[in-house]
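What follows is a short report on a single structure.
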There are 2 protein chains.
Amino acid sequence: MNKINRKVEYALIGLKHMRGKPPGELTTVKELTLHYGCPFEMTSRVMQNLAQKGVLRSEQGAYGGYQITKDLNRISFYDLMAMILGPMAVAKCMHSSELESACEIRETCNIVSPVQTLSRRLAEFYRDLTVAELLDGRGGSTGKNLKSSVVAEASMMAEPT
Amino acid sequence: MNKINRKVEYALIGLKHMRGKPPGELTTVKELTLHYGCPFEMTSRVMQNLAQKGVLRSEQGAYGGYQITKDLNRISFYDLMAMILGPMAVAKCMHSSELESACEIRETCNIVSPVQTLSRRLAEFYRDLTVAELLDGRGGSTGKNLKSSVVAEASMMAEPT
DNA sequence: TTAAATACGTCTATTTTAGTCGTAGATAGA
DNA sequence: TCTATCTACGACTAAAATAGACGTATTTAA
């Protein structure tokens with residue numbers, strides 16, 4: 001459950017790669033595909049996307065490439081995901097605040113508020129996490145909950161049918 | 001992005017419904033489908049699942065049904081999702097701690113740690129949220145971040161292509 | 001014995017995600 | 001001016017995950 005989107009992974013890979021370079025040096029998509037094995041077209045799209053949103057600067061033509069232009073400390077993980085996947089919508093239909101036509105039982109539905117609550121809190125969570133923090137491996141734990149160390153092993157278990 | 005699973009919605013709907021009843025009174029799946037329009041088979045599976053995990057007690061035969069047996073204050077939203085969808089795995093393949101064969105570029109991959117970080121923090125988030133809190137609509141905001149109020153409107157916007 | 005439930009294996013349809021193809025446009029350098 | 005090497009982007013196909021349906025067996029109160 002709750003798998004991260006591949007495009008977002010490619011974005012992180014690209015950003016991390018570029019951040020390790022001396023300022024001014026450009027990175028081509030080809031470079032990323034060779035280093036990390038990510039598919040060219042998709043990675044290219046993602047970088048184009050980030051360039052449109054002002055996170056990267058693109059330079060066309062031979063010897064072109066991408067370069068980070070925004071402070072990654074000032075971009076939340078929420079923002080990054082929104083740039084690539086569009087705005088967050090925890091519940092597509094039934095219980096969200098989308099068009100009324102999307103849900104026929106809106107009057108009787110008993111979990112409108114729970115889902116909105118969840119939506120709000122998740123958004124908060126993602127907004128509080130900066131891209132820089134993520135890439136640095138900081139923000140490892142808030143210290144509130146130590147049980148979380150079981151996650152790694154849990155992810156090796158099989159999913160139910 | 002980050003849509004909630006339909007099965008989890010049905011679980012929440014069922015639990016909320018049952019919680020509103022006097023103790024001892026059973027709830028049938030038919031009842032849920034009539035009230036909330038959720039599909040019978042799927043809802044049935046979900047309830048069976050929760051029964052197997054000890055959250056509900058099931059009674060077969062005529063006049064049978066389901067009943068909550070566990071304190072929802074002691075079940076985290078993480079647990080609920082895990083019961084229905086299996087354990088959380090933020091990254092399926094490439095950068096998780098699954099079988100090594102799942103990722104060919106594990107040596108060169110530069111975001112192993114970021115994804116693990118994210119995984120850890122997300123799990124924490126879901127563990128800190130109890131099912132009771134969710135159903136009550138409590139846990140609305142940690143107060144740390146007020147920008148989150150834009151989420152509702154954001155979810156009405158179109159996704160990029 | 002019947003009606004109304006849960007239990008559960010298997011199948012199909014739909015939607016989302018992932019990845020590909022083809023082509024156009026920019027630019028440095030020979 | 002020509003060519004190699006990039007980005008930009010529309011349209012398409014494939015794969016996987018999600019959602020839902022069908023059929024049948026079992027349990028149990030009346």
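Chain identifiers are assigned alphabetically (A, B, ...) following the order of the sequence lines, protein sequences preceding nucleic acid strands; residue numbering begins at 1 within each chain.
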What is the distance, rounded to the nearest whole Å, between atom [atom1] of [X] and atom [atom2] of [N]?
X       : N      : atom1 : atom2 : value
B:Arg57 : D:dT28 : CZ    : P     : 11 Å
B:Phe40 : D:dA19 : CZ    : P     : 19 Å
B:Tyr63 : C:dA3  : OH    : P     : 13 Å
A:Arg6  : D:dA15 : CZ    : P     : 14 Å
A:Leu85 : C:dA18 : CG    : C1'   : 12 Å
B:Met47 : C:dC8  : CE    : C1'   : 16 Å
A:Glu31 : D:dT5  : CD    : C1'   : 14 Å
B:Met42 : C:dA13 : CE    : P     : 16 Å

So, is [X] near the phosphate of [N], with a side-chain N or O under 4.0 Å from OP1 or OP2?
X       : N      : value
B:Tyr66 : C:dA7  : yes
A:Asn49 : D:dA8  : no
B:Asn5  : D:dA17 : no
A:Ser58 : D:dA8  : yes
B:Tyr10 : D:dG20 : yes

message = Run the salt bridge (charged side-chain N to carboxylate O under 4.0 Å, His left out) test on A:Asp136 and A:Lys16 for me, step by step, so that the C-alpha distance in whole Å, both residues' side-chain angles and the decisive distance to 0.1 Å come before the verdict.
response = CA-CA 9 Å; A:Asp136 287 340; A:Lys16 178 132 191 180; over 6 Å; no
request  = Could you check whether B:Gln52 gets within reach of a base, just the sugar-phosphate, or nothing at all, counting any heavy atom under 4.0 Å?
outcome  = sugar-phosphate
request  = Please determine which of B:Arg45, B:Arg57, B:Met83 meets the side-chain contact (heavy atoms from CB on, under 4.5 Å) test together with B:Leu50.
outcome  =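 Among B:Arg45, B:Arg57, B:Met83, the one that satisfies the side-chain contact (heavy atoms from CB on, under 4.5 Å) with B:Leu50 is B:Met83.
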key: Residue mapping more 5' on DNA chain C - nearest nucleotide basis, B:Thr27 or B:Arg45   =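 The residue whose closest nucleotide sits nearer the 5' end is B:Thr27.
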task = Would you indicate which nucleotide in C:dA26, D:dG20, D:dT28 comes nearest to any side-chain atom of A:Gln60?
result = C:dA26
task = Compare every heavy atom of B:Leu72 with every heavy atom of B:Thr130, then report the nearest pair and how far apart it is.
result =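 Heavy atoms of B:Thr130 and B:Leu72 come nearest at CB-O, 4.0 Å.
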inquiry  = Parallel, tilted or perpendicular, judged at 30° and 60°: which one describes the rings of A:Tyr126 and A:Phe77?
reply    = tilted
task = Please work out whether the ring planes of A:Phe125 and B:Phe125 are parallel, tilted or perpendicular, with thresholds of 30° and 60°.
result = tilted
query = Is any N or O donor-acceptor pair between the side chain of B:Glu41 and the base of C:dC8 shorter than 3.5 Å?
reply =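 Check passes, donor-acceptor contact within cut-off.
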